[in-house]
Asks: 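Okay, handing you the structure first.
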Amino acid sequence: MYEMYAQPGASFGDIIRHFMENGIATDGIELTRSQISYMLKNPAYVQADLDVYEFFKGHGADVANEAADFMGTNGCYFYTGRGAKKSKKADLKDHTLVLAPHEGIVSSDTWLTCRKKMLNNKAFPGSHKAKNTWLAGKTKCGRCGAALMSIHNANGISYFRCRKRADAKTCEGCGTLRVHEVEESIHNEMVKKLRGFQILTKSDSTKVNPKLTALNVELAQVDTEIEKLLDNLTGANAALLSYANSKIEELDTKRQSLMKAIADMRTSTLSPEHANSISGYLTNWEDVSFEDKRLVLDGLIAKIQATSERVQIEWKV
């Protein structure tokens, strides 16, 4: 199920049909879309590593274990938090993730690809319409840094426009940027970027870079220290505030250094599985769904700064 759903354009219906046509046993239970959704979201199956830890932390979940415990071996349990207002099926915030005693069976790359795909499906309903762009949220004005929004003229052509320019006229704007031209340019740049990683697909997909793991663990510990300091600032006196601010500044400098080291090292550690998956999306780009395009974009690019003269990409890898 995970391997199928991780493919571009695959749906729950495709999985159901595959099981039925191939006579795959499901213990006498009729397979439904809701059952598949529940199984694919369940972290009990994942081989939980630091990427899984960062995914849940980044979405507001309370992670009970330390980052160093996420070694890519055990599965996880996910519990509804006491203060959570939404179902954990739709929202991860304020729920609790705990490492389980059993071993996971699905790689973190595959599990996260499926989980992010489902989150994107929730976040962008009806986004196959031409009025939307899969670059939404990533594109910023190259002059002021404000978000770029897509607008349409009377002829139905979509353009990017600086939100600050539109709202307050405090920016000269990004110039003439046609959405389809920027989309095509970004797609081409992603293809070029991935070509540099193709040799990695011939390597051992189980190989782990211990230096990168150590850097990620150290980064997670720094983030935890910063969070603890911020949590303790309520009601603090002037002396404690001064100490906390100095300590946070010191930790943030260390954090920036670690993030740069991790970014530099990741170019040699992109997993073959992930590279192959992204390559499949990019090769069949015209047939890939809006949600899957968002998924690929989020996996490769952190931010795009654009004007009519220049488009600058901040890569994640």
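These numbers come from the heavy atoms of this one structure, side chains and all, not from hydrogens, waters or symmetry mates. Since the structure is predicted, the reported quantities are computational estimates derived from the model, not experimental observations.
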Asks: Of all the heavy-atom pairs spanning A6 and C114, show the shortest one and how long it is.
Replies: N-SG, 3.8 Å
Asks: Locate the shortest heavy-atom distance separating A306 from V311; write the atom from each residue and the value.
Replies: CB-CG2, 4.1 Å
Asks: In this structure, are over 12 heavy atoms from other groups packed under 6.0 Å from E103 atom CD?
Replies: no
Asks: Under 3.5 Å, is there a donor-acceptor pair between the side chain of N155 and the main chain of I157?
Replies: no
Asks: Taking G173's backbone N and O only, do any of them form a donor-acceptor pair with R143's side chain (distance below 3.5 Å, no angle check)?
Replies: yes
Asks: Listed by chain and number, what are the salt bridge (Lys or Arg N to Asp or Glu O under 4.0 Å) partners of R33, not counting sequence neighbours?
Replies: none
Asks: Could you check if a side-chain atom of V98 sits within less than 4.5 angstrom of a side-chain atom of N65, using non-hydrogen atoms only?
Replies: yes
Asks: Flag the pair I301 / K193 as yes when at least one side-chain heavy-atom distance between them is below 4.5 Å, and no otherwise.
Replies: no
Asks: With R255, which residues qualify under salt bridge (Lys or Arg N to Asp or Glu O under 4.0 Å), at least two apart?
Replies: D223
Asks: Is any side-chain heavy atom of S107 closer than 4.5 Å to one of Y2?
Replies: no
Asks: Drop me the distance from M4's CE to L40's CG, to the nearest 0.5 angstrom.
Replies: 10.5 Å
Asks: Does K192 come within less than 4.0 Å of E189, counting only side-chain N to carboxylate O?
Replies: yes
Asks: side-chain hydrogen bond (donor to acceptor under 3.5 Å, both in side chains) for S108 and D51? Distances and angles first, verdict last.
Replies: CA-CA 7 Å; S108 66; D51 288 336; 4.6 Å; no
Asks: Taking only residues two or more places apart in sequence or in another chain, which ones pass side chain to side chain donor-acceptor pair (under 3.5 Å) with S37?
Replies: K41
Asks: Please round to the nearest 0.5 Å and tell me the distance separating atom CG of L50 and atom CE of M71.
Replies: 8.0 Å
Asks: Between L282 and H187, is a side-chain contact (heavy atoms from CB on, under 4.5 Å) present by the stated rule, with each step listed?
Replies: CA-CA 8 Å; L282 292 174; H187 170 248; 3.8 Å; yes
Asks: Using side-chain contact (heavy atoms from CB on, under 4.5 Å), reason through F70 and L97 one step at a time and then give a plain yes or no.
Replies: CA-CA 12 Å; F70 285 75; L97 184 78; 4.1 Å; yes
Asks: Residues two or more places apart in sequence or in another chain: which of them pass salt bridge (Lys or Arg N to Asp or Glu O under 4.0 Å) with R163?
Replies: none
Asks: Any side-chain heavy atom of V52 sitting closer than 4.5 Å to one from P43?
Replies: no
Asks: Between CG of L300 and CG of L194, what distance do you get to the nearest 0.5 Å?
Replies: 7.0 Å
Asks: Would you give the length of the straight line joining atom OG of S185 to atom NE2 of H180, rounded to the nearest 0.5 angstrom?
Replies: 11.5 Å
Asks: Using only atom types and a distance under 3.5 Å, with no angle test, would you say the side chain of S257 pairs donor to acceptor with the backbone of T253?
Replies: no
Asks: Counting C-beta onward and ignoring hydrogens, is there a side-chain heavy-atom pair between N42 and F78 closer than 4.5 Å?
Replies: no
Asks: Would you check, one step at a time, whether the test ring-ring contact (aromatic ring centres under 6.0 Å, His included) holds for Y77 with H102?
Replies: CA-CA 10 Å; Y77 296 137; H102 67 269; 5.7 Å; yes
Asks: Can you classify the ring geometry of F55 versus W111 as parallel (below 30°), tilted (30 to 60°) or perpendicular (above 60°)?
Replies: perpendicular
Asks: Step by step, would you call W285 with V191 a side-chain contact (heavy atoms from CB on, under 4.5 Å)?
Replies: CA-CA 10 Å; W285 198 245; V191 171; over 6 Å; no
Asks: Determine whether Y53 and F56 fall in the same hydrophobic cluster, where Ile, Leu, Val, Met, Phe, Trp and Tyr are linked whenever their side-chain heavy atoms lie under 4.5 Å apart.
Replies: yes
Asks: Indicate yes or no: does R178 engage E184 in a salt bridge with an N to O separation below 4.0 Å.
Replies: no
Asks: Does the side-chain contact (heavy atoms from CB on, under 4.5 Å) test come out yes or no for V179 and F160, once each step is laid out?
Replies: CA-CA 6 Å; V179 171; F160 279 117; 4.0 Å; yes
Asks: Do M118 and F12 have side chains that get closer than 4.5 Å, going by heavy atoms?
Replies: yes
Asks: Partners of K164 by salt bridge (Lys or Arg N to Asp or Glu O under 4.0 Å), sequence neighbours excluded?
Replies: none
Asks: Roughly how far, to the nearest 0.5 Å, is NZ of K293 from CG of L135?
Replies: 9.5 Å
Asks: Short question: side chain of K117, backbone of Y5 - any donor-acceptor pair under 3.5 Å?
Replies: yes
Asks: More than 12 non-hydrogen atoms from neighbouring residues, nucleotides or ligands closer than 6.0 Å to CD on E181, yes or no?
Replies: yes
Asks: Are any of the side-chain heavy atoms of V182 and L148 separated by less than 4.5 Å?
Replies: no
Asks: Excluding sequence neighbours, so at least two apart, what forms side chain to side chain donor-acceptor pair (under 3.5 Å) with R17?
Replies: D14
Asks: Could K254 and E218 be called an ion pair, given the rule that one side-chain N must be under 4.0 Å from one carboxylate O?
Replies: yes
Asks: Within the structure provided, determine whether W134 and I186 are in side-chain contact (heavy-atom separation under 4.5 Å).
Replies: yes
Asks: To the nearest 0.5 Å, what is the distance between CE (M1) and NE2 (H18)?
Replies: 10.0 Å
